[in-house]
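The chains referred to below are lettered A, B, ... by the order of the sequence lines, with proteins before strands, and numbering in each begins at 1.
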There are 2 protein chains.
Amino acid sequence: MPPKSDLSLLNCSLARALGSVGDGWSLLIIRDAFFGLSRFSDFQKSSGVARNILARRLEALIAAGILRREGSDTRPLYRLTEKGRALLPAIVALMQWGDHWESEDCAPVALTDAEGGPVAPVRLETSAGAAVTAETIRFAAGPGADPRTAAFFARR
Amino acid sequence: MPPKSDLSLLNCSLARALGSVGDGWSLLIIRDAFFGLSRFSDFQKSSGVARNILARRLEALIAAGILRREGSDTRPLYRLTEKGRALLPAIVALMQWGDHWESEDCAPVALTDAEGGPVAPVRLETSAGAAVTAETIRFAAGPGADPRTAAFFARR
DNA sequence: CTGTATCCTTAAAGATACTG
DNA sequence: CAGTATCTTTAAGGATACAG
């Protein structure tokens, strides 16, 4: 967020995640990297972002450990790191939500596995395999909770 | 995004999703709603956001159909709609990513089902149940692809 | 092709005071 | 408690020109 607020300081992993990829362009650049783009100019054409802005975002994503610079210095490739690739479930979940709720189930992009089998809607489950929904999910203080967070969940 | 760019116009459900919840505060407010918060002042205290900003975000989330105003006019409740609840997998996926990669696996907030069974890391699979990873996922033009999107995927 | 350097614009966020 | 109304600040984004 612009003035004053720094999400990455909040005691919440969602806020910290948004501190790295919470701006409008980052997730779109990462999406393009999943599509296979790796050139500066390809990212630029795909999103239409201004070149100086793209350079700034790429630098930030590299600093965050999400992208890595490879290849020649004059004509580098931008590739996802393991940390970047780990964003796939979150990106797909957001994309699926957008497909259903913002694109009227008419997806601009279709997702499959290597054999062409369609990717199923992301769903939550317990380690035992039971489905978890918005109605059944519960939140509690975790090992990383600070006193304020712990107090917040203690009184519910 | 601020000047000029309007993500919701792009031919991509991820961009459209980010057009609704892509700013820094929206997902945190929605997270608080999942935690059970529903009062203006509770949202305000939880995130520390300025009151006028909070009012603006709540209004935008209601306009987007993600929150609904309930109860008395003078002391309303803000509740998640079905569309808002449908964001749970995306929020959990982002939170889990933040737990692992930005909080060193020391989660401030723990997720369980109603019986206390821990929520497993979100993973992708095909409708047939096969795991889908960053290495095996494939992208193609979907039914909602415009000519430019179709051409983009046609040449890969 | 891949950027960097400037300058400019603007929307988002903050602070503060006030109202029903 | 739940906002609204102003005013100010600022950082993100855009346009453009230039460089290796």
Grab the N/O contacts between the protein and nucleotides 6-11 of chain D below 3.5 Å, and write none if there aren't any.
from  : atom 1 : to    : atom 2 : distance (Å)
D:dT6 : O4     : B:N52 : ND2    : 3.3

Quick one, A:R39 and A:P76 - any side-chain contact, counting heavy atoms below 4.5 Å?
no
Can you tell me the distance, in whole Å, between the CG atom of B:D6 and the P atom of D:dG13?
14 Å
B:T81 side chain to B:G65 main-chain N or O, any donor-acceptor pair under 3.5 Å?
yes
So, with a heavy-atom separation below 4.0 Å from DNA chain C, the residues of residues 58-80 of chain A are A:R69, A:T74, A:R75, A:P76, A:Y78
Nearest 0.5 Å, please: how far is CG in A:D23 from CG in A:L18?
10.0 Å
Taking atom P of C:dG14 as reference, at what distance in whole Å does atom CG of B:D23 sit?
11 Å
Taking CD from B:Q44 and P from C:dG14, how many angstroms apart are they, rounded to a whole number?
10 Å
Has B:E70 got more than 12 heavy atoms of other residues, nucleotides or ligands less than 6.0 Å from its CD?
yes
Using only heavy-atom distances, determine whether the side chains of B:D113 and A:T136 contain a donor-acceptor pair under 3.5 Å.
no
Could you tell me whether the side chain of A:Q44 and the main chain of A:V49 form a donor-acceptor pair under 3.5 Å?
yes
Atom-to-atom span, CG of B:L54 to P of D:dC1 - whole angstrom
13 Å
d(CZ, A:F43; C1', D:dG13) in whole Å:
19 Å
Where A:E102 and A:W97 come nearest, the two heavy atoms and their spacing
OE2-CH2, 3.5 Å
Atom CD1 of A:I53 and atom P of D:dG14 are separated, to the nearest Å, by 6 Å
Between B:R51 and B:R57, just flag the one whose closest nucleotide in DNA chain C comes earlier from the 5' side.
B:R57
Check the distance between D:dA2's P and B:F40's CZ and give it to me in whole angstrom.
8 Å
Counting just side-chain N and O atoms, does A:S41 come under 4.0 Å of either OP1 or OP2 of C:dT2?
yes
Approximate separation, where rounding is to 0.5 Å, of A:L88 CG and A:F34 CZ:
4.5 Å
Take B:E59 and B:R57, measure what salt bridge (charged side-chain N to carboxylate O under 4.0 Å, His left out) needs, and give me the verdict at the end.
CA-CA 5 Å; B:E59 190 181 9; B:R57 303 280 26 135; over 6 Å; no
Would A:R85 and B:E135 count as a salt bridge (charged side-chain N to carboxylate O under 4.0 Å, His left out) here? Give the steps.
CA-CA 9 Å; A:R85 286 191 301 273; B:E135 286 70 36; 3.2 Å; yes
If we fit an axis to the first five pairs and another to the last five of the helix from C:dC1-D:dG20 to C:dG20-D:dC1, what angle do they make, to the nearest 10°?
50°
Audit row: A:D99, B:R16, salt bridge (charged side-chain N to carboxylate O under 4.0 Å, His left out) steps and yes/no
CA-CA 9 Å; A:D99 283 339; B:R16 292 173 187 162; over 6 Å; no
Minimum-distance nucleotide to A:W25 side chain [options: C:dA13, D:dG13, D:dA2]:
D:dG13
